[in-house]
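Worksheet: the structure to be examined is printed underneath.
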Amino acid sequence: MRKRLIVWWLVGSFLLLFAGSSVHLTPEEEAFLKAHPVITVHNEMDYPPYNFYKNGRPHGLSIDYMNLLAKRLGLRVKYIHGYDWSQFMQQIKSGKLDVMLNIMRTTERAKYLHFTEPYAATRKAIFSNDPSLNTLDDLEGKKVCVPKDFYIHHFLEDYYPEMLLVTKPSILACLRSVAQHESDATIGSYSIVSYLLKREKIKIPHLSVLSDKRMTTGLSIATAPKLKILRDILQKAMYNISDRELNALTKRWLGKSPQNPDWLYREQQQLEPYPVKRIIKMCNNPNWEPIEFAKGGDMSQMSGIAIDILKLLEPKLNVEFRNVPTHSWVESQQFLKAGRCEILPAAIATKERKQYARFTHPYLIYRLAIITRDDKPLVKDLSEIADKSVARKKGSGLISRLRHLYPTIKIIETQDYLDSLRKVESGEAYCTIATLPVASYYINRFGLKGLRIAGYTDMRYRLSIAVTKQEPELLATLDRALTQVTPREKNAIYKKWIGNKKLVEPYDYRPIYYALGAIALIVLILLYRQILLSRLNRRLNEKVKQAVQENLIQREIMREREKLAAMGEMIGVIAHQWRQPLNSLSLSIQNLKYMYQEGMVDKGFLDHFTEKNLQVINFLSQTIDDFRNFFQVGKGEKEFSVKEAIQAVISMYSLTLKKSGIVLQLSGGDFTLFGSRSEFQQVILNLISNARDALEKSPRESKKINIELQGRQIRFCDNGDGVPDAKLSRIFDAYFTTKEEGSGIGLYISRLIVEEKLKGKLTAFNEEEGLCLIMTFEEKEDA
């Protein structure tokens, strides 16, 4: 038994090589998490319902949200409590604390902290004993209590100097100050103050929610000065939080009251278009195909990837991006600096440009690739070709950087990008360095032959919209609008300019090496088992005539022999049937890397990628448990008989059910489905296997499984006592299981197959005697 467990462990380890996280991280980010498995996060003593300490544990919406992120990333969180806000701010400044969990981004704080996008928004309200105090102007000359060093403290100091501010260490202390008539009013977040008033039974009769947009506080996560990479990691995990999870947090902590103005951010924020169409003046780069360029040299006709993305924003914002003609990219930057235009559509945020412009988050990120002839070897980075010749457009800022990093490198300055690529094609230069869109555009347009990507540099072009410092609101508007440009839209624009022909990527053989190594290990185990089997056979032949006691020992050895023989057969199935799924996994992993580089990874793609590869891995795992050639996998999808497919599974499973004393009945008519018959059979097999496990534990004498076909519905029921109601809603979740040794994958994969592949719906509910699962499929469309 112990030997078999070793084999299972090895196979499981092999499968884990292909398991991917739902949060895609760079190698540097993964290395950071490995080096920092525990992070410290601030936990306030009394900031409900977001962040507070109660009964020896941290609680609140922000705490639950942080726990969701940590679970996504495999992090452990150490919550730090016992300090006030000012002390926490000093700790994170000095690097003694990693994360501030609920903090508003201000210009001053952004100088030393790194902020994520907001995940929640709270609306401020005035709480007072005087019903006439409804606006901030009403509070001038009044004693207003505010928590020391909170955002509202500094805001009122700057914008309302006529108020008589009274500072306290917490919002609760301010509420008591108002209730005791020491202060005229306090200003705080609606949800937080309402929660505290109810809990502490403090009576403040009047509140007025402020309509001033400045009083809507966006709560973000901030990381310490030296932990920008942690901010980036947390931001990626935030994008991975689902609406279902956000709804659960809202329901638990904010309630359903229509008076509550607080909310959690979804991935897509609502844009507010300008009420009157606005003209936004832009200056452009006239010669950067295909990113942006003057069509036919005419600056009034700008084209390119960046211009097409701006066109997507025009109807969303009710704006028109109008070009201000210039003679060069240098002049365009000068125009922005002088205020003669408002934006540069595609610019890198350099130190010099930040003196006169602010930048949106990068919306186009391109790696700089090393392009060589296809007869040249692959390279890891530029250091491997530091003694070679590199063609690069004259005047490029990259030239000086290359000469600084690699003094021995030979630079061949060219007229333009096309000239650089042609010199590589002809052999005059060993390579050139360019972004993929630029290289692909020229190679496709001019039919250049024999070129490929030999590797990548560690440099990236991160293109943002540069906005004049005189337009901070325009910057925020463009930033929000860019988040609503989907990867699908970006991909369509990319294909428009680049086409479907792509440069040959360097191939990473490591997944294949891992697969071959794992198979070789399995083969060695098989050979070792065969040697053991031969030894056991010789011993059995020598002891066959011994006494009864020795015969008992011989039977035990024979049982071991049967186990080893069955194991050998299963390993044979693996060797025979894993070849194609392994190739599929290898290609899929390689394709994910390319898709991510091209910005094509979105939620839909990740769902499809996860579904596809979980099915492959599930098939590999099921092969170990099922008989050889259990499924005859057809090529592609086709129409098949549902009843025949179910009967095929039943015929192979009938002996197992009979031994367990289980009667399985199939009744009803028949209908057809279009899709993969083997995947459908996998669903039926999962349901039968789960029902068998439940029935074997049931004390019932009569154990039944009924499969009934009604119209285009399959009703699958057993009398195995069902699933506890508290767990029923989670049985389709990945990795959730009610069995002691279950993987929690079977029903999750089954729902994916039914709903994504076969266009049906899979639901579950308890009946009087057991669990029922219903598969409902759409009506067939007439041809």
Side-chain angles (χ1 to χ4, degrees), residues 274 277-314 317-366 368 392-401 413-420 434-435 437-439 441-442 445 461-475 477-479 481-482 485 493 496-497:
Y274 290 101
K277 192 165 202 174
R278 175 175 176 176
I279 305 299
I280 299 176
K281 295 181 291 184
M282 64 176 179
C283 293
N284 303 90
N285 189 334
N287 190 28
W288 195 14
E289 298 177 87
I291 305 300
E292 61 169 336
F293 61 97
K295 190 174 182 180
D298 183 357
M299 284 292 287
S300 65
Q301 298 187 48
M302 294 303 301
S303 298
I305 294 174
I307 303 303
D308 283 353
I309 287 180
L310 291 187
K311 290 178 181 177
L312 292 177
L313 305 186
E314 287 181 333
L317 299 174
N318 191 27
V319 300
E320 177 188 343
F321 293 98
R322 187 172 295 174
N323 172 257
V324 176
T326 60
H327 295 93
S328 67
W329 174 235
V330 172
E331 188 178 36
S332 290
Q333 295 173 75
Q334 293 172 346
F335 270 38
L336 182 70
K337 187 175 183 180
R340 298 178 66 178
C341 56
E342 297 166 280
I343 69 166
L344 302 175
I348 298 171
T350 65
K351 185 176 182 180
E352 291 180 355
R353 293 171 187 163
K354 285 182 178 179
Q355 294 177 2
Y356 57 86
R358 292 184 177 138
F359 294 81
T360 65
H361 288 88
Y363 66 95
L364 294 175
I365 302 177
Y366 297 124
L368 282 171
R392 184 68 184 174
K393 177 184 175 183
K394 185 177 181 180
S396 168
L398 187 61
I399 292 177
S400 59
R401 185 174 180 184
E413 298 191 23
T414 62
Q415 296 178 359
D416 50 33
Y417 294 109
L418 177 60
D419 190 20
S420 296
T435 62
V438 171
Y441 176 80
Y442 282 101
R445 180 178 176 185
Y461 274 4
R462 302 177 185 273
L463 302 181
S464 305
I465 299 177
V467 183
T468 177
K469 281 191 172 181
Q470 283 69 44
E471 292 283 355
E473 291 188 5
L474 177 59
L475 173 70
T477 299
L478 292 175
D479 232 344
L482 285 171
V485 179
I493 293 172
K496 168 187 171 182
W497 288 101

Within-4.5 Å side-chain heavy-atom neighbours: V319 and I279
no
In terms of heavy-atom contacts, T468 and Q470 come closest through OG1-OE1, 2.5 Å
R278, CZ: over 12 other non-hydrogen atoms inside 6.0 angstrom
yes
Separation between SG of C341 and CD of Q334, rounded to the nearest 0.5 Å
11.0 Å
Can you confirm whether Y442 sits close enough to Y417 that some side-chain heavy atom of one is under 4.5 Å from a side-chain heavy atom of the other?
yes
Less than 4.5 Å apart, side chain to side chain, heavy atoms only: is that true for Q333 and T326?
no
Quick one, L310 and P345 - any side-chain contact, counting heavy atoms below 4.5 Å?
yes
Short question: side chain of S464, backbone of A466 - any donor-acceptor pair under 3.5 Å?
no
Rounded distance (nearest 0.5 Å) linking atom OG of S420 with atom NZ of K394:
12.5 Å
What one should report as the nearest heavy-atom pair of C283 and F335 is SG-CB, 3.5 Å
May I ask you to decide if K354's main-chain N or O and K469's side chain share a donor-acceptor pair within less than 3.5 Å?
yes
Trace of the side-chain contact (heavy atoms from CB on, under 4.5 Å) decision for N285 with S332:
CA-CA 7 Å; N285 189 334; S332 290; over 6 Å; no
F359 side chain near I465 side chain, heavy-atom distance below 4.5 Å
no
If we count only N and O atoms by modelled type, under 3.5 Å, do the side chains of D308 and W497 hold a donor and an acceptor together?
yes
Just so I know, are the side chains of I343 and F321 near enough to count as touching, which here means a heavy-atom distance under 4.5 Å?
yes
So, do V438 and W288 sit near enough that their side-chain heavy atoms are less than 4.5 Å apart?
yes
Are side-chain N/O atoms of E289 and Y441 paired as donor and acceptor at under 3.5 Å?
yes
Can you tell me how far apart OG1 (T435) and CD1 (I365) are? Round to the nearest 0.5 Å.
13.0 Å
Find out whether E314 and E320 are in side-chain contact, i.e. whether some heavy atom of one side chain is under 4.5 Å from a heavy atom of the other.
yes
More than 12 non-hydrogen atoms from neighbouring residues, nucleotides or ligands closer than 6.0 Å to NZ on K295, yes or no?
no
Quick one: does any side-chain atom of E342 pair with a main-chain N or O of K281 as donor and acceptor, under 3.5 Å?
yes
Taken to the nearest 0.5 Å, the spacing of R392 CZ from D416 CG works out to 11.5 Å
Quick check for you: to the nearest 0.5 Å, what is the distance between T477 atom OG1 and L313 atom CG?
11.0 Å
So, T350 versus E352: side-chain donor-acceptor pair below 3.5 Å or not?
no
Once rounded to the nearest 0.5 Å, what's the spacing between atom CG of N318 and atom OH of Y274?
10.0 Å
Say whether, by atom type as modelled, one donor and one acceptor occur between the side chain of D479 and the main chain of T360 under 3.5 angstrom.
no
Side chains of N323 and N284: donor-acceptor distance under 3.5 Å anywhere?
yes
